[in-house]
Each structure stands twice: as C-alpha cells, then as structure tokens.
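In what follows, a structure is listed as structure tokens, so that the remarks can point back to it.
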Amino acid sequence: MTIYFVAGEVSADNHGAALMRSLRELDPGLTFTGRGGPQMQAVAGKQFKNWLGDAAVLGLWEVLRKYGYFREQFRETLKEVLESKPDAVVLIDYPGFNLRLARALRRRSPRQKIIYYISPQIWAWNRGRIKGMARSLDLVLCIFPFESDLYNESGLHAIFVGHPMIERLQAQKIDAERDPSLIGLFPGSRLREVRKIFPVMIETARLLLQDNASLHFEVAAASEELAQEISELLAINPLSRAREEKATEAAADRSAPTPPLPSSSGEGRMSGATPQGFEVIQIAVGETATLMQRAFVGIVASGSATLEAAYFRMPFVLIYKVAWPTYLGARLVVNVEYLGMPNLLAGKEVVPEFIQHRADPGAIAGVMRPLMEDAPAREQMISEFDTIIGKLGTGGATERAARAVIEEISDGA
C-alpha cells in the first residue's frame, strides 16, 4: 500500500513524520512518497522529496515572487500522483497549494482517495469554500473540536482526532522552577517574522529594564540561521546598554561603587554564566519548550507557539507583524475576532494581542508588568490556559489519525 504526502511547512513536516511513524506501526509494509521536509524524508526514504527550503514561504508577496516555482511544483506533484496512483493522498495543512491540488486531482482522477490532515482554517477566512472542499476531499482529520462539527454540517466528512501537539509536549515536560526575573522571547520560526517582530521585542525589553534592572531575557531561536539573525539584530541594537545605565543611576543614588555588569559582547548563544553574571539577553537554539517552562512570562509571535505556551502554563502576550500588503490582504478575507488560537478556542481575549500597528513596545510593556507583578492576574490566565488545552484532547492524536487513514483506505478498497 502506498500513500502520497504533501507538506510545505516546518510544522507540517513534524506532524507528517509523526503520522508516518504511526502508520508504519499499524502496517509495516506501507510505502510513502511525495514531498515535505527532512523529518518526513528520514521516515519515508530518499524517494521522498525534501522541498521545505523553497516551499515554506510567508505572506502574499513571497508567494507572488515565487509564482513560477510553485506553478512548476504543482504540475510535477499532480503528474506524480496521477502516474503512481497511490492508495491515498494525504495533504497536510498548506492550504494555498493543497486545496488547489485536491480540486485538480478530483477532476483528473475522481476515484482517488484524498485525505486532509491538519484542517485548513477555512472557517477563519472563507466558510463558503467548505462545500467546495466536500466535493474534493473524502475525509478531513481535524485537530480542533469545533472544526469537525462545522465541516460535517456542510456535508464534508470530518473527524476530530485531537491535537498532535499534546503528545509531543507531554514528552518535553521538565521539572523546573520559574525564574521570576526571566522573560522569554519567542519571535517566530521564519526569517521574515523574526526581522519584523524581534526589534519590537528588543524595545519592549528595554522599557521593562528601565523599571527593573534585575530582569534578564532569553530568545528561543528555531534554527541556527535564525539565531544568527537574532544576534545581528542585537548587535545593531544592543539591549545591555539600558541595563548598564539603570544600574549606574541606582549606584549613584546610593553613593556606592557601580556593580560589575555584563558587556554587550557577551550577548548571543547561551553560556554557562552564573546568576550573578547573567547577560541581559541570551539566545537558545531549539529550546522553546524548556524556556517556556522556566520563564516567568513571555512575548510570543502568533502561531503554534501560542498553544505551546498555554500548554506549559506560561503567561504571555501575543505579537504579530507582517509586510503591510500581506496584512491588508489578510484583513480583506479573515473573518475571526482573534488571531491567537488560545483566544479563538476560549471565545474571548485571554491573551492580549498586539497586531501590526498595535505592536507598540510601550503598550506591550504596560501589559507585561501586571503579568509579572499581579499574582491573581497570572493565576487567572493560567486557569484559562488549562481549560483551553483541555479541549484539545489528552494525547494519542497521531495514532487516531493513522487509524482513520487506514480505515478510509480500507473502506475504498
């Protein structure tokens, strides 16, 4: 039995690889083909194409710039599926490419089994397209509970399997105490996100340091490339200066010698500094889950990291900035009250959102202070997080998704 996969982003590669492993446990004889990222390729073998470096783009402008590339990839993908005739095609998120592919496959090969995993967020920007999806797809595997009800009401067969994030994060839990002076910064997993968002985080940190010189910060970098970009942004706008000035003022007020302070030259990758020698800001690669369990509060770019922060019960504020053409285009089609998934699941603003022009360092710092200092406010947010995460299941989502895929293929045999 052969399954053809299409995934075009880092998170989809993670989910796809986990689904492949669960499918292999159910049927060791399965063969996987298609395109995705390095994790999926590691499971499937060399015949599986790793196209993530080119496929994972952010925003309308990037898509338009690479239109010729995507048009060619679309033709190749369609041709591969039609010629290989897999037992099923599994499309993972990536709706701009995958929904179009599903429609083309249904026209060219009406009997082809097509399954969508990690449902596209049609409910956020165009619910009218659900009926069209019902004509193209045989099954949608949903990770949010409200999605399956919405799709089934529209005639699209859908199953809520739970969020695969839960089982992954369960394995990343550590026994750690929160540092009341540590603020976590999570600027996103794409280069353009980091370039837009991290400068706002730096300025917010500068304002917070002016009130409390004992604070220190850690930045979660999703890759070595992003760590380098973060280091370069810090070199342009070093954060340590504000702390040095504040400490010098405090020392002068006490008519005492100025205490030793870290220099900006130490900013960057995490080191083994003692608590007395913490740099003002450090960079940690691949340590998002650990940092979310150690930080007292955080500033998190909109995306899957917001649910991760809620799972680890770290109070935070949400920030997001994109290129203005992308933002204005999204405003025309997105029809939801909140951007952050924790708020969407709660049906209210549990996490303060600072989007585009509202992503002002002064406003963000003003909201961060109560989260650090007001215990009832912290506990209220954490309690809301527990309720939100409880809606996503208790684990086992990937296994349920794999069983649903096998059953769907068997029903069509």
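Sorted pairs that involve residues 167-202 and meet ring pair (Phe, Tyr, Trp, His ring centres under 6.0 Å), not counting sequence neighbours, are lacking altogether. Pairs passing the salt bridge (charged side-chain N to carboxylate O under 4.0 Å, His left out) check and including a residue from residues 347-364, sequence neighbours excluded, read Lys348-Glu384.
Within the 3.5 Å criterion, the main-chain N or O of Arg178 finds no donor-acceptor partner in the side chain of Arg294. Side chain of Asp179 to backbone of Ala295: no donor-acceptor contact under 3.5 angstrom is found. Side chain of Arg378 to main chain of Leu371: a donor-acceptor pair is present (N/O by atom type, distance under 3.5 Å, no hydrogens or angles). No donor-acceptor distance shorter than 3.5 angstrom exists from the side chain of Lys391 to the backbone of Pro145, with no hydrogens or angles considered. Distance alone, capped at 3.5 Å, places no donor-acceptor pair between the Glu203 side chain and the Pro199 backbone. Under the 3.5 Å distance criterion, the side-chain polar atoms of Ser22 are left unmatched by any main-chain donor or acceptor of Leu19. Panel note: side chain Gln293, backbone Gln172; a donor-acceptor pair is recorded below 3.5 Å. Side chain of Trp51 to backbone of Ala7: a donor-acceptor contact under 3.5 angstrom is found. Put simply, the side chain of Glu308 never gets that close to the backbone of Met292: no donor and acceptor are under 3.5 Å apart. Formation of a donor-acceptor pair under 3.5 Å by the Asp13 side chain with backbone atoms of Gly36 is not found in this model.
Ala305 and Ala301 make their closest contact through CB-O, 4.5 Å (heavy atoms, listed as atom of the first residue, atom of the second, distance). Taking every heavy atom of both residues into account, Met40 and Ala17 meet most closely at CG-N, 3.5 Å. Residues Pro38 and Leu52 approach most closely at CD-CD2, 4.1 Å, considering heavy atoms. When all heavy atoms of Val140 and Ser119 are compared, the pair lying nearest together is CG1-CB, 3.7 Å.
With sequence neighbours excluded, the residues forming a ring pair (Phe, Tyr, Trp, His ring centres under 6.0 Å) with Phe385 are Phe316, listed by chain and number. Residues forming a side-chain contact (heavy atoms from CB on, under 4.5 Å) with Arg103 (at least two apart in sequence, or on another chain): Leu99, Arg100, Arg107, Arg129, Ser136. Looking at residues two or more places apart in sequence or on another chain, you find a side-chain contact (heavy atoms from CB on, under 4.5 Å) between Glu225 and Leu191, Ser223. Applying the side-chain hydrogen bond (donor to acceptor under 3.5 Å, both in side chains) criterion to Gln41, with sequence neighbours excluded, gives no partner residue. Remark: Ser11 engages no residue in a side-chain hydrogen bond (donor to acceptor under 3.5 Å, both in side chains) (not counting sequence neighbours). In terms of the ring pair (Phe, Tyr, Trp, His ring centres under 6.0 Å) criterion, His15 has no residue partners (sequence neighbours excluded). Residues that satisfy the side-chain hydrogen bond (donor to acceptor under 3.5 Å, both in side chains) test with Tyr4, not counting sequence neighbours, are Glu80. Qualifying side-chain contact (heavy atoms from CB on, under 4.5 Å) partners for Glu167, counting only residues two or more places apart in sequence or in other chains: Gln170, Ala397, Thr398. Listed by chain and residue number, Phe32 satisfy the ring pair (Phe, Tyr, Trp, His ring centres under 6.0 Å) test with Phe5 (two or more places apart in sequence, or in another chain). Residues passing the side-chain hydrogen bond (donor to acceptor under 3.5 Å, both in side chains) test with Glu177: none are found, sequence neighbours excluded.
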Item to complete: Output, in order, the C-alpha distance, side-chain angles, deciding distance and verdict of side chain to side chain contact (heavy atoms under 4.5 Å, CB included) for Arg108 and Leu78.
Response: CA-CA 9 Å; Arg108 299 282 296 275; Leu78 182 60; 3.8 Å; yes
Practice prompt. Show your working on side chain to side chain contact (heavy atoms under 4.5 Å, CB included) between Thr204 and Leu208 and close with a plain yes or no.
Written response: CA-CA 6 Å; Thr204 304; Leu208 293 170; 4.2 Å; yes
Item to complete: Decide yes or no on salt bridge (Lys or Arg N to Asp or Glu O under 4.0 Å) for Asp87 and Lys113, but give the supporting numbers first.
Response: CA-CA 7 Å; Asp87 295 277; Lys113 186 71 69 172; over 6 Å; no
Fill in: Derivation and outcome, side chain to side chain contact (heavy atoms under 4.5 Å, CB included), residues Leu234 and Ile283
CA-CA 10 Å; Leu234 282 170; Ile283 303 169; 4.2 Å; yes
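With Tyr311 as the aromatic partner, Arg168 does not meet the cation-pi criteria of under 6.0 angstrom to the ring centre and within 45 degrees of the ring axis.
Under 4.0 Å is where a charged nitrogen must lie from a carboxylate oxygen, and between Arg403 and Glu399 at least one such pair does. A salt bridge links Arg190 to Glu9: one of the charged nitrogens lies within less than 4.0 Å of a carboxylate oxygen.
A donor atom on one side chain and an acceptor atom on the other are found under 3.5 Å apart for Asn237 and Arg206. Side chains of Gln73 and Lys49: a donor-acceptor N/O pair is present below 3.5 angstrom, by distance only.
Taken from CG in Leu339 to CG in Leu318, the straight-line distance is 6.0 Å, to the nearest 0.5 Å. Taken to the nearest 0.5 Å, the CD atom of Gln210 stands 11.5 Å off from the CG atom of Leu215. A distance of 7.0 Å separates CG in Leu91 from CD1 in Ile114, rounded to the nearest 0.5 Å. One distance of note links CE of Met165 with CD1 of Ile118; it measures 11.0 Å at 0.5 Å rounding.
In this structure, Leu392 and Leu307 have side chains that are in contact, with non-hydrogen atoms separated by less than 4.5 Å.
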